[in-house]
Amino acid sequence: MKQIKLIMCAMVLFVPMALMAHEISGTIKDEDGKPIDGAGVYNQTNGSYVYTDMSGYYELEDIDLGDVLLFHSLGYVKQELTVEEIHLDAVYNVILVEEAISLDQVVLVSKINALNNFVNIDVKTNPVKSAQEIVRKVPGIIIGQHGGGGKAEQFFLRGFDIDHGTDLALSVDGLPVNMVSHAHGQGYADLHFIIPETIEDIDFGKGPYYTHVGNFNTAGYVALNTKKKIDNNQITVEGGQFNTVRALGMLKISESDFSNTYVASELLLTDGVFDSPQNFNRINILGRYNFNNYTDEELTISLSHFQSRWNQSGQIPQRAVDQGLISRFGAIDDTEGGNTSRSNIWVNHFKQLDEHQSLKTKAFLSKYTFELFSNFTFFLNDPVNGDQIQQVEDRTIIGAETVYGRTFHTKDHDTQIGIQSGLGFRYDDNNDVQLSRTRNRREILSRLSFGDVDEVNAYSFINADIKLDRWTINPGLRMDYFNFAYDDFLNFDGEGNPTSIFRNPQVDDFILSPKLNFIYSASPEFQVFLKNGFGFHSNDARVVTDPVGEVEETLPSAFGSDLGIIAKPLNRLLVNAGIWYLALEQEFVFVGDEAVVEPSGRTRRYGGDFGLRYQINNWLFANFDINYTIARSIDDPDGEDFIPLAPDLTSAGGLSVTNLGKFSGNISYRYIDDRPANEDDSLVAEGYFVTDMNLNYNFSKNWTLGIIVENLFDVEWNETQFATETRLFDELESVEEITFTPGAPFFLRGRLSITF
């Protein structure tokens, strides 16, 4: 792996950058005269393309007589232009006309993540119930909840049981979501602070091929983008089974030609599907100010607060259900649960320095608290009090990043080079991080770990897009530096004497992550891509600074490669397919009830992806994805090298109806196959096939009535499952078997919404 990395670094640094035929330039605006930021101009003859800046300005090089140019943007009617003599080296301004979003508005261009624009059709036309659900829009991602709705979800992607985010980097408007050295697990990513109606679109990439994404980007990344402004005020009320109530408000505070402010809030209350009421409550508030002069500058300032409290029934052993001790929705310890909060302020600023240069800056500050009570093993370790544990932290995060962009053209205008270079940092000040044995969520029996974590990540990256005829070459290099520090309140000094506070030796490390990607656009309807790159996920600060523990990799790297195609055989049909490989230098398994992170050795995964999106007609859209993976541990013998909970076959799809008179809606499914729950496949986590549905009816101009149904066919399924050694109160011996959190049964809610 090190030899591959050196070769890639050399290729990145020495990829020849050929130096600068006619051009065309102008602006693209809507019918109201507002510039359209990010509209595309695509030369169908030679494959070159550009996007408009915030002023709607574009400048396309390498055009000639007879070239056919396509002007396009999602939500607008496409326009074509056949280049004539009058267009050469001239100004050509375009007005795009709005229309309902459809697949034929999206043009297949040589972008590193061309599939994003097609997936966003489903995002924009099919409303979601939660920020977690929108992550399911990413082909191949399956999520599950096993903490009463209050914990972060469990993610599955490309043969990874990612747990709560160890191998998937998540962000919102550039604000990082993953928590390093978290009390519950490395990379813990809780998206519950996002109000689903504020989501604008989604950016994602599978594999470690992107220089702008660092820690936890091994299986991939997901970046949610929320609305900078709202078109209408909205008030929504939902109610349904299990004493579920949800209220939403999105209100404009001010609006002018160049600025606007809005506030969004959400309240969710539910008892949940379990025998013991969850008493779940969550509140979200978001305030946002946006300034855009539509010429060269945009500023967005956002403030948000989220807090949640819940009870949970936890994972239950199969034998307790089989013996009739509890129902599928019962509990061994119904005093589990927790509370958490997150307050954020973040600023995004964009400055167009000139038509070829830009500067993008972000800065953020987050205050985060977390407390969780769990009981995974019941009475295994303490037959009198039980094995309940408490995990707590109180964290402050600050960070900033600046990215400079520059485009160059060769003398003969047939090559365009775009450079992005960035600098940034993130500092986590995590206080009173602890794991304690508790009883009934009230009494602390003993502490297993207790201390303060300080973790710094400074980074830089450079990335180039070299467009040469129908080729796009994308080399990149990222450098990350980490400093880990841990004050252990329970440890001993170097002489073996107890002390109230012992600072473990600080640990510094850095890692280089080269990337090299190729895209070949054989035609406007077909492209081939080859992506290669290194990524990494950091280890927990409590592990890497342990002076008496074994020396572990602080920044274990991953190497991946993707080879695939994206094609539009019909104007409204998109097909994507590919094969991929991903190897990790080291994986880590968080042992929640023992306060340790265990290394599980080197791993290797490879598989294939296939998907299609089809706009059947103006009101019916279909999507389908299927993903297959073989995941194995490299260092273990055959038959004992299965990676627990690594899914081999997953699939998701659905049908969406929009603009069918006053009706809209969606029916969707998700499927995950049976998978090994332990290393020798002697215990199996059962797969499932679950179908959800929503239906909306606009019975007047501003009023919408809807229904939401989870698990439409009321199948019995287990949302999350683990191979766990447990002991019940009256058992003499422990048993290792599947413990699980049951998936929700048929769950019906009604929805009433007004816009004004």
Side-chain angles (χ1 to χ4, degrees), residues 20 23-42 48-61 69 71-76 79 89-96 98 109 111 117 173-175 200-201 203 212 223 225-231 254-262 288-302 345-364 400-409 413 416-424 461-465 467:
M20 221 176 173
E23 67 174 41
I24 188 172
S25 63
T27 60
I28 301 179
K29 298 183 178 181
D30 63 20
E31 294 171 281
D32 295 327
K34 286 284 184 70
I36 303 176
D37 187 4
V41 185
Y42 181 53
S48 62
Y49 69 93
V50 293
Y51 291 98
T52 57
D53 62 21
M54 63 185 303
S55 67
Y57 177 79
Y58 73 91
E59 183 180 294
L60 182 65
E61 310 280 353
L69 308 185
F71 301 88
H72 63 94
S73 185
L74 193 61
Y76 295 88
Q79 284 193 29
D89 302 315
V91 173
Y92 184 77
N93 297 322
V94 178
I95 301 294
L96 293 184
E98 278 193 78
V109 298
K111 285 184 68 175
N117 289 337
D173 300 322
L175 177 71
E200 178 71 20
D201 57 38
D203 174 32
H212 68 288
N225 299 304
T226 56
K227 299 178 188 296
K228 296 176 181 177
K229 62 179 181 178
I230 58 175
D231 295 326
S254 66
E255 187 174 32
S256 67
D257 290 341
F258 300 112
S259 66
N260 67 87
T261 307
Y262 77 87
R288 171 157 296 163
Y289 168 79
N290 175 261
F291 168 82
N292 189 337
N293 66 6
Y294 299 104
T295 302
D296 61 2
E297 188 169 19
E298 183 176 28
L299 172 68
T300 303
I301 302 174
S302 308
I345 177 169
W346 69 105
V347 178
N348 293 280
H349 180 258
F350 180 82
K351 179 67 175 177
Q352 191 77 41
L353 303 176
D354 58 36
E355 60 267 31
H356 297 295
Q357 299 182 86
S358 65
L359 200 62
K360 182 168 63 175
T361 302
K362 68 178 182 181
F364 54 85
E401 178 186 275
T402 296
V403 179
Y404 171 72
R406 180 76 162 90
T407 58
F408 302 88
H409 300 276
H413 286 238
Q416 178 179 319
I417 301 168
I419 301 291
Q420 302 86 40
S421 58
L423 290 169
F461 61 86
I462 186 167
N463 180 76
D465 285 308
K467 298 180 179 67

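Treat the numbers as computed from the prediction; the structure is a model and nothing was measured. Note: hydrogens, waters and symmetry copies are ignored here, and every other heavy atom, side chains too, is used.
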Novice: Examine distances only and state if a side-chain atom of Glu355 and a backbone atom of Asp53 form a donor-acceptor pair shorter than 3.5 Å.
Specialist: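 No, Glu355 side chain to Asp53 backbone: no donor-acceptor pair under 3.5 Å.
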
Novice: Can you name the closest pair of heavy atoms from Asn93 and Gly26 and give their distance?
Specialist: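 Residues Asn93 and Gly26, closest heavy atoms: OD1-CA, 3.5 Å.
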
Novice: Within the supplied structure, the quantity of interest is the number of heavy atoms (other residues, nucleotides, ligands) at a distance under 6.0 Å from Lys227 NZ; does it exceed 12?
Specialist: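 More than 12 heavy atoms, drawn from other residues, nucleotides or ligands, come within 6.0 Å of this atom.
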
Novice: Quick one: CG on Asn260 to OH on Tyr289, what's the gap to the nearest 0.5 Å?
Specialist: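 Taking CG in Asn260 and OH in Tyr289, the distance rounds to 8.5 Å.
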
Novice: Under the 3.5 angstrom rule, does the side chain of Ser259 hit a backbone N or O of Asn290 as a donor-acceptor pair?
Specialist: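 Flag not set: sc Ser259 to bb Asn290 has no pair under 3.5 Å.
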
Novice: Look at Lys228 together with Asp37 and state whether they make a salt bridge at an N to O cut-off of under 4.0 Å.
Specialist: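 Not counted as a salt bridge, because no side-chain N and carboxylate O are separated by less than 4.0 Å.
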
Novice: Are any of the side-chain heavy atoms of Asn292 and Lys229 separated by less than 4.5 Å?
Specialist: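 Result no, sub-4.5 Å side-chain heavy-atom pair not found.
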
Novice: Before you tell me yes or no, could you show the steps for His212 and Val403 under side-chain contact (heavy atoms from CB on, under 4.5 Å), namely the whole-Å CA-CA distance, both residues' side-chain angles and the distance that decides it to 0.1 Å?
Specialist: CA-CA 9 Å; His212 68 288; Val403 179; over 6 Å; no

Novice: Is the shortest side-chain heavy-atom distance between Ile419 and Ile462 below 4.5 Å?
Specialist: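 Touching, per the 4.5 Å side-chain cut-off.
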
Novice: Just checking, Arg406 and Phe408: is the charged tip under 6.0 Å from the six-membered ring centre and within 45° of the axis?
Specialist: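 The answer is yes; both the distance and angle limits are met.
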
Novice: Do Asp465 and Gln420 come within less than 4.5 Å of each other through their side chains, counting heavy atoms only?
Specialist: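 Yes, their side chains come closer than 4.5 Å.
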
Novice: Would you confirm whether Asp89, through its side chain, and Glu23, through its main-chain N or O, come within 3.5 Å as a donor-acceptor pair?
Specialist: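 Side chain of Asp89 to backbone of Glu23, a donor-acceptor pair under 3.5 Å: yes, one is there.
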
Novice: Can you tell me how far the CG atom of Asp354 sits from the OG1 atom of Thr407, to the nearest 0.5 Å?
Specialist: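 Answer for the CG-OG1 pair, Asp354 versus Thr407, is 8.0 Å.
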
Novice: Under a 4.5 Å cut-off applied to non-hydrogen side-chain atoms, are Asp296 and Lys351 in contact?
Specialist: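 Touching, per the 4.5 Å side-chain cut-off.
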
Novice: Is any side-chain heavy atom of Thr226 closer than 4.5 Å to one of Arg288?
Specialist: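 Yes, at least one pair of side-chain atoms sits under 4.5 Å.
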
Novice: For Tyr51, give me all partners under ring pair (Phe, Tyr, Trp, His ring centres under 6.0 Å), at least two apart in sequence or on another chain.
Specialist: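 Per chain and number, Tyr51 pairs via ring pair (Phe, Tyr, Trp, His ring centres under 6.0 Å) with Tyr49.
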
Novice: Parallel, tilted or perpendicular: which one describes the rings of Phe71 and Tyr58, with boundaries at 30° and 60°?
Specialist: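 Rings of Phe71 and Tyr58: perpendicular, as their planes differ by over 60°.
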
Novice: Whether the side chain of Asn293 engages the backbone of Thr295 through a donor-acceptor N/O pair (distance < 3.5 Å, no angle test) should be reported.
Specialist: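 Such a contact is found between Asn293 side chain and Thr295 backbone.
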
Novice: May I ask you to test the Tyr404-Leu353 pair for a side-chain heavy-atom distance under 4.5 Å?
Specialist: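 Contact flag for Tyr404/Leu353 side chains = yes.
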
Novice: Give the C-alpha distance, both sets of side-chain angles, the deciding distance and a yes or no for side-chain contact (heavy atoms from CB on, under 4.5 Å) between Asp173 and Asn225.
Specialist: CA-CA 5 Å; Asp173 300 322; Asn225 299 304; 4.1 Å; yes

Novice: Roughly how far apart are Tyr262 OH and Glu255 CD, rounded to 0.5 Å?
Specialist: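 If we round to the nearest 0.5 Å, Tyr262:OH and Glu255:CD are 13.0 Å apart.
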
Novice: Could you go through the side-chain contact (heavy atoms from CB on, under 4.5 Å) check for Thr27 and Thr52 one step at a time?
Specialist: CA-CA 8 Å; Thr27 60; Thr52 57; over 6 Å; no

Novice: Do Phe461 and Glu401 touch side chain to side chain, with heavy atoms closer than 4.5 Å?
Specialist: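 Counting from C-beta outward, Phe461 and Glu401 do come under 4.5 Å.
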
